Number of protein chains: 2
Amino acid sequence: MTSLKDIAKKAGVSVCAVSLVLNGKDKNRVSEATAQLIRDTAASLHYEPNMMARTLKTNKSHTLGFVTDEIITTPNAVRIMLGAQEAARKLGYMLITMNTNNDKTLERQGIATLKRYHVDGFLYAFMYHRVVDVPDTLRKLPTVVVDAEDAKCDIPSIYPDEFAIGYDATTRLVRAGCKRIAYFGSEADIIAQTKRLAGYRQALQDGGMRENPDLIVGATEYDNADQRALKLLKEQQPDGVFSFNDVRAASLYMAANQLKLGIGTDISIVSVDNLPNITAVLRPGLTTIELPHYEMGFEAVRQLVAIIEQRNKPQIEPNQPFRSSFETRDILTTAHGSIIERDSAVAVSSPTPEEALKQD
Amino acid sequence: MTSLKDIAKKAGVSVCAVSLVLNGKDKNRVSEATAQLIRDTAASLHYEPNMMARTLKTNKSHTLGFVTDEIITTPNAVRIMLGAQEAARKLGYMLITMNTNNDKTLERQGIATLKRYHVDGFLYAFMYHRVVDVPDTLRKLPTVVVDAEDAKCDIPSIYPDEFAIGYDATTRLVRAGCKRIAYFGSEADIIAQTKRLAGYRQALQDGGMRENPDLIVGATEYDNADQRALKLLKEQQPDGVFSFNDVRAASLYMAANQLKLGIGTDISIVSVDNLPNITAVLRPGLTTIELPHYEMGFEAVRQLVAIIEQRNKPQIEPNQPFRSSFETRDILTTAHGSIIERDSAVAVSSPTPEEALKQD
DNA sequence: CTGAAAGCGCTTACAG
DNA sequence: CTGAAAGCGCTTACAG
C-alpha cells in the first residue's frame, strides 16, 4: 500500500501538500506545477487513500449501517438493500449490513459493533410495513427508518402509501367495468390491511358504488385462503377482486379454475406484490401492484446522507427508472406503488384522467 | 466516545496498561489489582474500542468484502448472505456488501473501494452456480468463491453438488416405484443442467432402469416450458418426472391438471429449489430439493477466516440446523442439497439404506 | 504559496 | 511487573 508519505518522498514535497492536492483543497495553497506533479506521482504509484486513517482523523467514515430484522429472507424487500446500495455508491458511502434475525440481543450487539466501526448513520429497515420502536441508541444518531414508521414519530420514516395501493387497485377494477368488486384481504392486524381496505372503500365511493360487507373477506396466508376464496367466488359471485397480495391471488386462481370462471374475462383480479416466482407460475398473468422497495432504499439513503452532511437532499439519479413518486410530509415519506399490467383484469381502453391530460 | 486515554487518566495508569488489559494480553505484565481497576473503569465509562484506530495500527480490520453479481435479487441465493453474516458475527467479523449488478466497471470500482476500507478478505458470490474468472486484484488477497467455481481452479470455491441433486431426486422417484422417469430440464448450457442430468442417468442405472432419450426434455424458463411439459406428459406418459427447478415444475403442474393426471398419484414430481413463493402456490405441495445457500455462505466465511488468520477452520456452529454436508477436496468444496418432502411424489414407506442402517 | 508539527486512538516493541 | 515512546496514515490549524 502506498501512502501519502511515499508520494511526498518521490515527488520531493511535503506530506501535507500531497494531502491538500489529492483532496482538491490546494486552491491558492499549492502551485499548479507541484499539484500536477503530485497527481502524476500518485497515479503512477496507484495510490489509494486509507479510509481508516482518514476516518480516525476526520471522524467521518463514509459508512452506513444497514440494520434489518430479516428483510433478507423476503425476495422483494431485499430490493430495499439494492436501492440503498446504489444511492450509497453514488454518494460515496459504503453499506455495512447487519441482520438481527428479530433478536433484540443480536440487534443491540450489532448496533454496538457498527458503532465501533464508526458508521456515520443508520438505516433501520424491515421486511414489511409496521410501526416500530427505534432503539434509544439509534435515536441520538442520524437514522432513517425504512418500510416502517417510528412509533414516536420522531425519526424520519419511509414506507409505502398503502391507502393509495388499495385505491389504485380498486379503481383499476372500477375502470374495467366491474360492478361487484370484492376485497380479499388479510386477517392479520397489520397496517397494510387496514389502509388498503380504506383505499378500497374510498375508490368504491368515488366510483359511485356502495360498499357491500359480504364482499369483504379476510384470510390467513396459508391456512384458510383456499376455502375462503372458493366460498367468496361461489357465494358472492364478484366480477372483480382486489387481492391483498399475490399469495392470496393464487388462492383466487384456484377457486376460479374450480368454478370454471375465466380469469380476466368473467372475473378480474388485481393484486399487490408482483413476486416474480408467483407471477411466473400463474396463468393468465397476474395484474398486480409492485411495492416500491428499491425506491424506498434509494430514498432512505438520500435522506440519511442529507442528515449526516447537514445539507439538502443530494441530487442523484438512480440507474434504473423510478416508478414511484415520493410524498414528503415532515419526517414521514410515503412512496407510491405502480401497477404492473398483465391479463388477470379486463383491459381498459379509455385513458385515465391523467393520461388524458397528458395527451392534450 | 471514551478512549483508552480517558480510562488511563481516570484509573491513574498508563494507556498501554489499559490496552494490554482490555486485549487480554496482561498476563505477567500487569498486576491483577490494576487489571481489575482498569476493567471496572472501562465498564463504567462504557468504553467501546475504536476499530479504525486499531485497524490502522494492526492492519487487520475484521471486515470482509461481500462482492456479488446480483445475488440479492434472487430470493434463495440471498440466503448465502445470511449464512455468511451469521458466521461472520460468530467469528467477530463484519460484512461490507457490494453489488456489482454484473457490471465489470462497477465491480472494479467496488473492489477498489473495499480495499480502501482495508477489508481482510473477499467473498465473491453469485446467484447461480457457474464458472467465473476471478479478477486478478482478488487473486492476490484472501478470497473465497461462493456458488461458483474459479475458472483457474486456484481460488477456494464452494458450490452445490449438482450431480448429487440429480441423483437424489431421481432416486426418490425410483423408490416411489416409478417406472418411466422423465427429466424435464433446461435448454441453457449451465453447470446445473449438465450435472443434474448426469446424476439422473446414474440414478436410473443404479435403479436398474434404462435411459430413454424420449423422456429427456429441455425447456426455456418462460418461453416454451408449458407446451413442452404438456407434450412430454401427453406423448410419453411418464409416471415420474425429475424437474430441473420449481418454475418448470409449475409447468408440469399445469400440464398434469390439463390432462387430469393426479399429481402425487398418477404422476410423481420431484423438483429443485424450494422457492417459498412457488411452493406456496402449488397444490398439492411440491416435493423439491433445497439448495444449500445458507450453508454455503456460512462455510465460505469459515474458510475465508481460516485463510486470513492462517489457521484451521474455526469451530463454530450455525444457529439454524445445517441440513447439508460438505465434501472438501482440495480447494473445491461441494455442498449437498436436502429433499423437502411434500405431496407431489408418491410416498415411500421403506427406509433408505442409510436409514435402515441407523435403525439397527 | 509552502512546510513543520500536532494529533486522531490505538498497539507494540523497548527499556527499566 | 510497569511506563515512555514510536508510529500506523491521514488532516488541519499554524507559522512562515
Side-chain angles (χ1 to χ4, degrees), chain A residues 1-39 41-42 45-63 92 112-113 115-120 309, chain B residues 1-39 41-42 45-63 92 112-113 115-120 309:
Chain A
M1 289 267 89
T2 85
S3 69
L4 288 190
K5 211 203 278 180
D6 301 327
I7 301 174
K9 195 183 293 175
K10 189 163 178 202
V13 298
S14 71
V15 171
C16 51
V18 178
S19 172
L20 253 19
V21 169
L22 262 24
N23 287 306
K25 296 184 179 170
D26 54 323
K27 197 101 162 105
N28 290 336
R29 308 272 280 110
V30 182
S31 72
E32 183 46 35
T34 19
Q36 194 54 50
L37 172 63
I38 287 170
R39 277 189 288 267
T41 314
L45 256 30
H46 301 108
Y47 174 71
E48 292 281 350
N50 182 329
M51 297 309 283
M52 302 295 156
R54 181 177 289 178
T55 300
L56 187 59
K57 188 69 190 165
T58 60
N59 241 341
K60 297 255 317 95
S61 66
H62 282 266
T63 262
T113 312
K115 280 185 177 173
R116 293 181 175 191
Y117 280 90
H118 275 228
V119 295
D120 296 332
E309 304 185 350
Chain B
M1 289 268 89
T2 85
S3 68
L4 288 191
K5 213 202 278 180
D6 300 328
I7 300 173
K9 195 183 294 173
K10 186 161 180 206
V13 297
S14 72
V15 171
C16 50
V18 179
S19 171
L20 253 19
V21 170
L22 262 24
N23 286 308
K25 295 184 181 173
D26 54 324
K27 196 102 163 104
N28 292 337
R29 309 269 282 109
V30 183
S31 72
E32 184 45 34
T34 20
Q36 195 52 51
L37 173 64
I38 287 170
R39 278 189 288 266
T41 315
L45 257 31
H46 301 107
Y47 173 72
E48 292 281 349
N50 182 328
M51 298 310 283
M52 301 295 157
R54 182 177 289 177
T55 300
L56 187 58
K57 187 67 191 170
T58 61
N59 240 342
K60 297 254 318 94
S61 67
H62 283 264
T63 262
T113 311
K115 279 186 178 172
R116 293 180 175 191
Y117 280 90
H118 275 229
V119 296
D120 295 332
E309 303 185 352

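The structure presented is a predicted model; accordingly, all values stated were derived computationally and were not measured. Chain letters run A, B, ... following the sequence lines, proteins first, then strands; residues in each count from 1.
Atom CD1 in A/Ile7 sits roughly 15 Å away from atom P in C/dG3 (whole-Å rounding). When rounded to the nearest whole Å, the span between CE of A/Met52 and P of D/dC10 equals 12 Å. Put simply, CZ on B/Arg116 is 16 Å from P on D/dG9, counting in whole angstrom units. Here the P atom of nucleotide D/dT12 and the CZ atom of A/Arg54 are 9 Å apart, to the nearest Å. Rounded to whole Å, the distance from CG on B/Leu4 to C1' on C/dC8 is 12 Å. In this structure, CG of B/Leu56 is placed 12 Å from P of D/dT11, rounded to the nearest angstrom.
Across all strands shown, B/Ser19 has heavy atoms under 4.0 Å from base atoms, whether or not it also approaches the sugar-phosphate. Across all strands shown, B/Asn59 has no heavy atoms under 4.0 Å from either base or sugar-phosphate atoms.
Residue A/Tyr47 has its side chain nearest to D/dC10 when only D/dT2, D/dG7, D/dC10 are considered. Picking from D/dT11, C/dC10, D/dT2 the nucleotide with the shortest atom distance to the side chain of B/Thr34 gives D/dT2. Of the candidate nucleotides D/dA13, C/dC10, C/dC8, C/dC8 has the atom nearest to the side chain of A/Lys57. When distances are taken from the side chain of B/Cys16 to each of C/dG9, D/dC1, D/dG3, the shortest belongs to D/dG3. Residue A/Lys5 has its side chain nearest to D/dC8 when only D/dC8, C/dG3, C/dT11 are considered. Of the candidate nucleotides D/dT11, C/dC10, C/dT12, D/dT11 has the atom lying nearest to any side-chain atom of A/Val15.
When the shell of 6.0 Å around NZ of A/Lys5 is examined, it contains 12 or fewer heavy atoms from other residues, nucleotides or ligands.
Using a distance-only test at 3.5 Å, with no hydrogens or angles considered, no donor-acceptor pair links the side chain of A/Asn23 to the main chain of A/Lys25. A donor-acceptor pair under 3.5 Å is formed between the side chain of B/Asp120 and the backbone N or O of B/Ser61.
Below the 3.5 angstrom threshold, one finds a donor paired with an acceptor across the side chain of B/Arg29 and the base of D/dT2.
Between C/dC8 and B/Asn50, no contact under 4.0 Å exists linking OP1 or OP2 to a side-chain N or O.
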